Amino acid sequence: MDHIKTPVVIIAGWSGSGKTTFVEKLLPLLKMNNLKVGTVKHHHADLELDKPGKDSWRHRKAGADKTVIAAPGCAGMVMTIDGEPELEKLIPLMNDMDIVIVEGFKKEKWPKIEIFRSEVHDRPGFLDDPDLIAIASDKDLDAPVPVFDLNNPEKLSDFLCEYFDINEC
């Protein structure tokens, strides 16, 4: 991790806590600061981006380890990996971003923000995690890290800019 210069923060929380919804609210706030923001989303099921029979699928089936699918206005990359994806190997793909927001990968050793909803769990699940830097919650908490209002991501956006010392914010 020391060799990766792009700020990375994991948005962690249990299923149903609202991680994706929070990321959706946070991204436009970071973009308002003219930041280039990358995201990585952990997915637990099989993932297929290109369809059987299409050229990109045929490239992969013929042996390509990485395939970039490019069209006007967007591009996507599919790569073959062995086993579970490793976040440390994915982040370098985002080296031109100002910050990378990761949803999931909650066991990884990167700065972490927990999304906590009191109706989903009794207490935050990451209070003992040394990588926890903040909590976004629907209620006030006594915690060893700053706690932000889950429904007001503006302050957390500012916190990230300050925490990572991102000059553009």
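As the structure is a prediction and not an experimental result, all values here were calculated from the model.
- The nearest pair of heavy atoms linking Phe148 to Pro146 is CE1-CB, 3.6 Å.
- As a member of the Ile/Leu/Val/Met/Phe/Trp/Tyr network built from side-chain separations under 4.5 Å, Met32 groups with Leu29.
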Decide side-chain contact (heavy atoms from CB on, under 4.5 Å) for Thr21 and Ile115; before the verdict, give the C-alpha distance in whole Å, the side-chain angles of both, and the deciding distance to 0.1 Å.
CA-CA 10 Å; Thr21 300; Ile115 306 301; over 6 Å; no
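- Taking CH2 of Trp110 as the reference point, atom CZ of Phe105 lies at 11.0 Å (rounded to 0.5 Å).
- A distance-only check finds a donor-acceptor pair linking the side chain of Lys19 to the backbone of Gly13 [under 3.5 Å].
- When side chains are defined from C-beta on, Val102 counts as touching Leu87, because their heavy atoms get closer than 4.5 Å.
- Taking CD of Glu154 as the start and CZ of Phe159 as the end, the distance is 16.0 Å to the nearest 0.5 Å.
- In this structure, Lys109 NZ and Glu88 CD are separated by 13.0 Å, a value rounded to the nearest 0.5 Å.
- Looking at Lys36, its side chain does come within 3.5 Å of a backbone N or O of Asp96 through a donor-acceptor pair.
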Go through it in stages, so that I can follow the logic: the residues are Trp57 and Val78, the test is side-chain contact (heavy atoms from CB on, under 4.5 Å), and I'd like the CA-CA distance, side-chain angles, deciding distance and then a yes or no.
CA-CA 9 Å; Trp57 181 87; Val78 180; over 6 Å; no
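- Without hydrogens or angle criteria, Asp129 side chain to Asp131 main chain gives a donor-acceptor distance under 3.5 Å.
- A single hydrophobic cluster is seen to contain both Val9 and Leu26, as judged by linkage of ILVMFWY side chains at heavy-atom distances under 4.5 Å, directly or through other members.
- Here CE of Met94 is found 10.5 Å from CD1 of Ile101. Values are rounded to the nearest 0.5 Å.
- For the pair Gly38 and Met97, the tightest heavy-atom approach, listed with the atom from each and the gap, is N-SD, 3.5 Å.
- Taken together through direct or relayed side-chain contacts under 4.5 Å among Ile, Leu, Val, Met, Phe, Trp and Tyr, Leu35 and Val100 form parts of separate hydrophobic clusters.
- Side chains of Val37 and Asp98 form no contact here, defined as non-hydrogen atoms less than 4.5 Å apart.
- Although no hydrogens or angles enter the test, the distance criterion places a donor-acceptor pair under 3.5 Å between the side chain of Glu114 and the main chain of Phe126.
- The side-chain heavy atoms of Val40 and Glu103, taken from C-beta on, include no pair separated by under 4.5 Å.
- Between Phe164 and Pro111 the shortest side-chain heavy-atom distance falls below 4.5 Å.
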What's the verdict on side-chain contact (heavy atoms from CB on, under 4.5 Å) for Leu160 and Ile166, showing C-alpha distance, side-chain angles and the deciding distance?
CA-CA 8 Å; Leu160 285 175; Ile166 300 173; 5.9 Å; no
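- The minimum heavy-atom distance linking Pro85 with Leu90 is given by the pair CB-CD1, 4.2 Å.
- Glu108 and His42 share no side-chain donor-acceptor pair at under 3.5 Å.
- From Ser56, atom OG reaches atom NZ of Lys61 across 11.0 Å, with rounding to the nearest 0.5 Å.
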Solution key, residues 132-142 side-chain donor-acceptor pairs under 3.5 Å, sequence neighbours excluded:
| unit_1 | atom_1 | unit_2 | atom_2 | d |
| --- | --- | --- | --- | --- |
| Ser137 | OG | Lys139 | N | 3.0 |
| Ser137 | OG | Lys139 | O | 2.8 |
| Asp138 | OD1 | Ser118 | N | 3.0 |
| Asp138 | OD1 | Ser118 | OG | 3.3 |
| Asp138 | OD2 | Ser118 | N | 3.1 |
| Asp138 | OD2 | Ser118 | OG | 3.1 |

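- The two residues Leu127 and Ala143 make their nearest non-hydrogen contact at CD2-CB, 4.1 Å.
- Counting all heavy atoms, side chain and backbone alike, Lys112 lies closest to Lys106 at NZ-O, 2.9 Å.
- Minimum interatomic distance between Arg117 and Gly16 (heavy atoms only, all atoms of both residues): CD-O, 4.1 Å.
- Between Lys54 and Ile69, the closest side-chain pair of non-hydrogen atoms is not below 4.5 Å.
- You'll find the side chain of Phe22 reaches within 4.5 Å of the side chain of Pro153, heavy atoms only.
- Around CD of Glu162, the count of heavy atoms belonging to other residues, nucleotides or ligands within 6.0 Å does not exceed 12.
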I'd like to know whether Asp55 forms a salt bridge (Lys or Arg N to Asp or Glu O under 4.0 Å) with Arg58, so could you lay out the CA-CA distance, the side-chain angles of the two residues, the decisive distance to 0.1 Å, and finally the verdict.
CA-CA 5 Å; Asp55 293 348; Arg58 292 170 61 194; 3.7 Å; yes
Take Lys155 and Asp149 through the test side-chain contact (heavy atoms from CB on, under 4.5 Å) and record every step on the way to the result.
CA-CA 8 Å; Lys155 292 190 183 207; Asp149 182 350; over 6 Å; no
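- Transitive grouping of hydrophobic side chains (ILVMFWY, heavy atoms separated by less than 4.5 Å) brings Leu150 and Leu30 into a common cluster.
- Between Leu93 and Met79 the shortest side-chain heavy-atom distance falls below 4.5 Å.
- Ile10 is not listed as a side-chain neighbour of Ile113, based on a closest heavy-atom distance of 4.5 Å or more.
- For the atom pair CG of Asn33 and CD1 of Ile99, the computed distance is 10.5 Å after rounding to the nearest 0.5 Å.
- Tracing side-chain contacts under 4.5 Å through hydrophobic residues (I, L, V, M, F, W, Y), one never reaches Val145 starting from Val8; they form parts of separate clusters.
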